[in-house]
Amino acid sequence: MDYRPRDIEKKWQKYWEQEEVYKVSNDSDRPKFYVLDMFPYPSGAGLHVGHPLGYIASDIFARYKRLKGFNVLHPMGYDAFGLPAEQYAIQMGVHPAKSTSENIARYRSQLDNLGFSFDWSREVNTSNPAYYKWTQWIFLKLFEHWYDAEQQKARPISELLAHLEAKGTDALPAACSEQMDFSAADWQAKSAKAKDEVLMNYRLAYKKQTFVNWCEALGTVLANDEVKDGLSERGGHPVERRPMLQWSLRITAYAERLLNDLDELEWSDAMKKMQANWIGRSTGAQLFFDLDGHDEKIEIFTTRPDTIFGATFMVLAPEHDLVAQIKTPEQSAAIADYLDYVNTRSERDRMSDVKTVTGAFTGAHAINPFNGEKVPVWISEYVLKDYGTGAIMAVPADDERDRRFAEKFDLPIIDIIDKSAHPGATIEDKVGTMINSDFLNGMEVKEAISATIAAMQEKGIGREKVNYKLRDAIYSRQRYWGEPFPVIYDKEGIAHPLKEEDLPLELPELDDFKPASGGQSPLARKTDWVERADGFFHETDTMPGFAGSSWYFLRYMDANNSDAFVSKQAVDYWRDVDLYVGGTEHAVGHLMYARVWHKLLYDLGYLPTNEPFRKLINQGMIQGVIEYICLLKEKTDGKNHFICADFAEKRPESEYARLPVYVDYVSDYGTEKSHLSAEGIRQFIEWRPEYKDAIFEGCGGTYRDGKLESEGSPEDFRFYTISEVGKMSKRYFNVINPDDVVERYGSDCFRLYEMFLGPIEQAKPWDTKGIDGVSRFLRKFWSLFFNDKGEFFCSEEPATKAELKILHKTIKKVCDDIERFSFNTCVSAFMTATNELLKLKCNKKEILEPLVTLIAPFAPYMSEDLWHKLGHANSVHLDTYPELIEEHLKEDAFTYPIAINGKTRSKMDFPADLSKEELEKQALALEGIQKWLEGKTVRKVIVVPKRMINIVVG
RNA sequence: GCGGGUGUGGUGAAAUUGGUAGACACGCUAGACUUAGGAUCUAGUGCCGCGAGGCGUGGGGGUUCGAGUCCCUCCACCCGCACCA
């Protein structure tokens, strides 16, 4: 009987569903194990072969753990709210609810096609009111808590109120947006509106006027991690900085814990580093400069307080609050011009050009608190509004940027550090001896830093401070497809939380859900919803995409609970995610937010664990081959003439297993369909210098079905293709749908092949050629169970020593390799075992039956079929893992490599238990070795039992 | 610029503690069975050399009886961050 994957896979898929083989109970004596995949957002494109890579790996691990006796939670769901889903809906001109549910259905069928062992009874959908009720509920917890930096935990707003009522801001250790200072009497005298504003300064979810990333094309603001290189991560649209009244999450309050707790996680160093860099902790000093003729002070942050005597000017960010107040009339025009210039520059301009030095003088002067010197206050783009305090003391002698600025605007430079004792030290290195620095003179830099901080504290002009690069997360989106905020406003504009029993606040139906321009949310158009019967108003912004994904891993533990986001019993049993598998693209976004939400819920006593994801594995991207095509024509002048055309658009749908073709010149962005522009040619030659002598001709011809119609005949040309490895994307015509592969080879083969491709964490291109090898292997494996006539046949005969050795060797190898997530070598081990057993013509049940269980996590369908053919009535996936018996691994003999001076010259079998002395004696006596020893002295013989023998001669 | 990673046959890759480099596959070559099939089987396949042998894990140097693995240095590519005070 031939192996027919399509028939058996359909059959067992049904069986698993009917028998609820993968259903997990929260009530079990077995130890728990939680294997989680990053859930997908159901985009319209469906899954391509890259998506399942991580799912397959985690599924293998989950199945393995199950066979090893664990109660395994392995769920799946959909991140259905958010920008990608909504953008797709807009493009297709359908309601996002409709397109989302269609896309989910499509994803589900694609996932089912791959034989995953998900417990679908726990499915989560972030756009489902029963789910987002709890997203809103957690948001209210954020709203109703503040962060006590002393106790390092979140505390209820009621306790903050009590503190303010009694002591004002005195000794208030609260994380806040800006330092506030008032007495209890001041507090009591405040209006309701003013009190609300004060509380917003402390709430973990707060509304505030801030500079945000506004994306006009998407019609919404974006969080920092949603902006890459000054463009929106989704869609690549330009982003600008703009002040707006927005909801934010005070994730900065958790910065220290987010950083410290990384230590206990089993994440890759790269991943931990990325988080640590994003948090960006640096220690230094906060200090105040008085302003000449103003009451205000300039607050700055510096990591180099020791350089204060070299501070010859100050620089504020152009958006700094003080700029308007301190600019002198004479400088007003210059400042206005500069601000105009800054406004014309997008984030992208600003980032791509950091060399050009620009700035303007405010006319104001600050006073150096240490020596009373007046120094000019400038504004410049190079000082960022949202790092530190948005203001710096500039020390041109010891900072590259300050130096460039001073040189350009002819500002004084005072040398303050003598680095002559440190040849090769750069300007950034914190070494050298202080000079021209009053009481610091003669000190080493390190010493000077602490001396300056001590002096500052004594004078009351500053203090030691830790600064973080991490910024609070913008939490409002001016979009339709997201969770509505469970917040209503009264006539004064004071925000009130909805009552828990009024949750969920459902997203109202909206016919026109397209984003509005100018920062308005589509929900604002539904005035009958915005204005409530009780006179309050709904918030019209919605929550961002990361809201729902920040806690979904908890919901799976108790997915259908309508009384709590998760029950105490469920979370006490499942605790945290033991293995989380997903892409590195979520390094700083999702993973950071999820950790914060988890820590908040932990602080509030809802969770027993401090961190959500113990171990993290990042699967590498599966790439596609991007092919560029050129038509090559040789002319009589002996040079190559290229004609390049936009071929991809006109070619018929690609046939499976043929490389798709994308025709373009190389450009940084890949998208332009540049024909023969001078720039295109220049880039092409830069990319492929070997063609620098070629002649390029313009191409106005049209192509249909690969044939040139209007210019010349196809015979005149040769196709010339060049390819590179890159993203798998519709844009490059190189997307491969797993369904097509499964249709042809079967799902087991697809799973095995994706694993066989290489190490899970590595990026690798999809190459269809290799899959035949895996397919061949599955057929060989299958054939072990059948006799010459094609009948299922397994012998009851006892296995030989050699056969048992093959089996147990494989058990050991596969076990070890799964534990270290080396799935590619597992597949090799199965292949080796199969080849060896075929050679021995082994068809013994004693060997083959455990092998079926062993391969079950990898090839769930085939193993299930063989398992039932072997006479079992239950599922192989509920079996127990075959036990390793070390006894069978014992070798009687070992083939020793015998090396002369480290070069292997001969090999010889010796009994495994032969003594070192005897091994040495016999090795030296070997004929094949003797000839190497002639005329030489044996100086030393190294014998490592069961490894090798090395003879050192001289 | 900073941080992290990778570099091994024609290709994807293996080598888990310093101990037979290239397992397992793809591809290729030859053959068998058959005779248009994208089927199966057998043998071969790192490079140079007829051979003995030599050379080989990005380059150079070092430690060691022994280095893909450890140390120093240089190069290339990939990823993340980036005017971070």
Side-chain angles (χ1 to χ4, degrees), chain A residues 228-229 268-278 280-282 284 300-304 307 315 350-351 353-357 380-384 386-395 398-402 404-405 426 428 467-470 584-585 587-588 618 620-621 657 725 744 753 756-759 761-777 779-780 783 813 816-817 819-820 822 824-835 895-907 939-944 946-954:
Chain A
K228 291 244 142 69
D229 299 325
S268 69
D269 287 345
M271 210 64 175
K272 289 187 184 184
K273 267 276 152 54
M274 272 189 235
Q275 288 232 335
N277 286 345
W278 192 258
R281 183 185 200 273
S282 61
I300 62 131
F301 172 77
T302 177
T303 55
R304 296 297 303 278
T307 61
V315 188
R350 210 164 151 162
M351 289 174 127
D353 164 35
V354 296
K355 284 273 139 63
T356 316
V357 179
S380 174
E381 268 189 310
Y382 85 90
V383 173
L384 307 173
D386 32 33
Y387 181 76
T389 61
I392 61 158
M393 64 175 198
V395 183
D398 207 51
D399 182 284
E400 188 55 46
R401 297 150 303 172
D402 296 347
R404 275 193 274 128
F405 195 84
T426 62
E428 282 89 23
N467 189 59
Y468 299 96
K469 204 156 81 179
L470 184 72
T584 38
E585 66 272 21
V588 290
N618 300 112
M621 201 177 32
V725 167
R744 188 161 153 198
Y753 182 58
F756 190 59
L757 230 37
E761 305 217 60
Q762 209 168 88
K764 54 225 151 204
W766 176 267
D767 176 4
T768 28
K769 282 184 217 140
I771 199 166
D772 290 319
V774 174
S775 177
R776 210 167 287 150
F777 154 71
R779 271 174 279 147
K780 280 196 218 166
S783 76
K813 173 84 178 146
D816 289 354
D817 286 358
E819 295 280 356
R820 63 187 181 100
S822 176
N824 54 332
T825 50
C826 289
V827 180
S828 301
F830 288 126
M831 288 175 169
T832 309
T834 304
N835 290 344
T895 310
Y896 279 90
I898 303 166
I900 312 290
N901 288 345
K903 288 226 178 292
T904 306
R905 297 299 182 185
S906 180
K907 285 175 193 172
R939 299 202 188 278
K940 205 173 175 184
V941 180
I942 290 132
V943 178
V944 184
K946 299 217 184 134
R947 286 275 187 218
M948 42 61 70
I949 298 166
N950 188 16
I951 301 164
V952 185
V953 299

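Just so it is clear, the values below take in all heavy atoms, side chains as well, and ignore hydrogens, waters and symmetry mates. Residue numbers begin at 1 in each chain, while the letters A, B, ... track the order of the sequences.
Taking atom CD1 of residue A:Ile949 and atom P of nucleotide B:C65, one finds them 18 Å apart after rounding to whole Å. Put simply, CD1 on A:Ile942 is 13 Å from P on B:U64, counting in whole angstrom units. The separation between A:Gln762 atom CD and B:C77 atom P is 18 Å, rounded to whole Å. Put simply, NZ on A:Lys469 is 10 Å from C1' on B:G80, counting in whole angstrom units. To the nearest angstrom, P of B:A13 lies 17 Å from CG of A:Asp817. As a whole-Å value, the separation of A:Glu381 CD from B:A85 C1' is 16 Å. Per the geometry, CG belonging to A:Asp386 stands 13 Å off C1' belonging to B:A85, to the nearest Å. Distance A:Asn467 CG to B:A85 P: 8 Å, rounded to the nearest Å.
Contact check for A:Leu757 versus A:Asn824: no side-chain heavy atoms found under the 4.5 Å cut-off. At a threshold of 4.5 Å between non-hydrogen side-chain atoms, the residues A:Arg404 and A:Glu400 count as touching. In this structure the side chain of A:Tyr387 reaches within 4.5 angstrom of the side chain of A:Lys469, judged on heavy atoms. Side-chain contact check for A:Arg947 versus A:Tyr896: every heavy-atom pair is 4.5 Å or farther apart. At a threshold of 4.5 Å between non-hydrogen side-chain atoms, the residues A:Val383 and A:Arg401 do not count as touching. With contacts defined as side-chain heavy-atom distances shorter than 4.5 Å, the pair A:Asn618/A:Met271 qualifies.
On a pure distance criterion of 3.5 Å, a polar donor-acceptor pair joins the side chain of A:Lys813 and the base of B:U16.
Atoms CG and CG, on A:Leu470 and A:Asn277 in that order, are 12.0 Å from each other to the nearest 0.5 Å. The distance from the CD1 atom of A:Ile900 to the CD1 atom of A:Ile951 is 4.0 Å, given to the nearest 0.5 Å. If you take OG1 on A:Thr302 and CG on A:Asp399, they are separated by 9.0 Å, rounding to the nearest 0.5 Å. Put simply, CG on A:Asn901 and CG on A:Asn950 are 7.0 Å apart, with the number rounded to the nearest 0.5 Å. A distance of 10.0 Å separates CZ of A:Arg776 from CE of A:Met831, quoted to the nearest 0.5 Å.
The side chain of A:Asn950 sits closest to B:C65 out of B:A85, B:A39, B:C65. Here the nucleotide nearest the side chain of A:Val383, chosen from B:U17, B:A85, B:G80, is B:A85. Taking every side-chain heavy atom of A:Lys764 into account, B:A13 is the closest of B:G80, B:A85, B:A13. Nearest to the side chain of A:Arg820, among B:G19, B:C81, B:A15, sits B:A15. Side-chain proximity of A:Thr904 to the nucleotides B:A21, B:G80, B:C81 is greatest for B:A21.
Ring pair A:Tyr753/A:Trp766: centre-to-centre distance below 6.0 Å.
Among the heavy atoms of the strands lying under 4.0 Å from A:Leu757 are primed sugar atoms or P, OP1, OP2 only; no base atom is included. Heavy atoms of A:Arg905 sit under 4.0 angstrom from primed sugar atoms or phosphate atoms, though from no base atom. The residue A:Glu400 sits apart from the nucleic acid: no heavy atom pair falls under 4.0 Å.
A:Asp817 and A:Lys813 are joined by a salt bridge, as a carboxylate oxygen and a charged side-chain nitrogen come within less than 4.0 angstrom of each other.
To the nearest whole angstrom, the two P atoms, one in B:A23 and one in B:C74, are 35 Å apart. Comparing B:G56 with B:C41, their C1' atoms are spaced 34 Å from each other, to the whole Å. Rounded to whole Å, the separation between the C1' atoms of B:A52 and B:A36 comes to 47 Å. As rounded to the nearest Å, B:G5 and B:G9 have C1' atoms that lie 24 Å from one another. Comparing the C1' positions of B:G58 and B:G80 gives a spacing of 24 Å, expressed to the nearest Å. Taking atom C1' on both B:A76 and B:C28, the two are 29 Å apart, rounded to the nearest angstrom.
Classification of B:G9 as syn follows from a glycosidic angle within 90° of 0.
By the 30° and 60° cut-offs, the orientation of the rings of A:Phe405 relative to A:Tyr382 is tilted.
Remark on RNA chain B: of its neighbouring residues A:Ala763 and A:Ile392, the 5'-side contact belongs to A:Ala763, judged by nearest-heavy-atom nucleotide. Remark on RNA chain B: of its neighbouring residues A:Gly390 and A:Asn901, the 5'-side contact belongs to A:Asn901, judged by nearest-heavy-atom nucleotide.
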Which pairs, protein N/O on one side and nucleotides 1-4 of chain B N/O on the other, fall under 3.5 Å?
none

Contact letters for nucleotides 22-37 of chain B, in which S counts primed atoms plus P, OP1 and OP2 and B counts the base, heavy atoms under 4.0 Å: -BBSS-----------
Dot-bracket notation for RNA chain B, counting Watson-Crick and G-U pairs under 3.5 Å, with | for partners on another strand: (((((((..(((......[....)))((((((.......))))))(((....)))..(((((..]....))))))))))))....
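Using a 4.0 Å cut-off, some side-chain N or O of A:Arg779 falls inside it from OP1 or OP2 of B:U40. Look at A:Arg401 and you won't find any side-chain N or O under 4.0 angstrom from OP1 or OP2 of B:A82.
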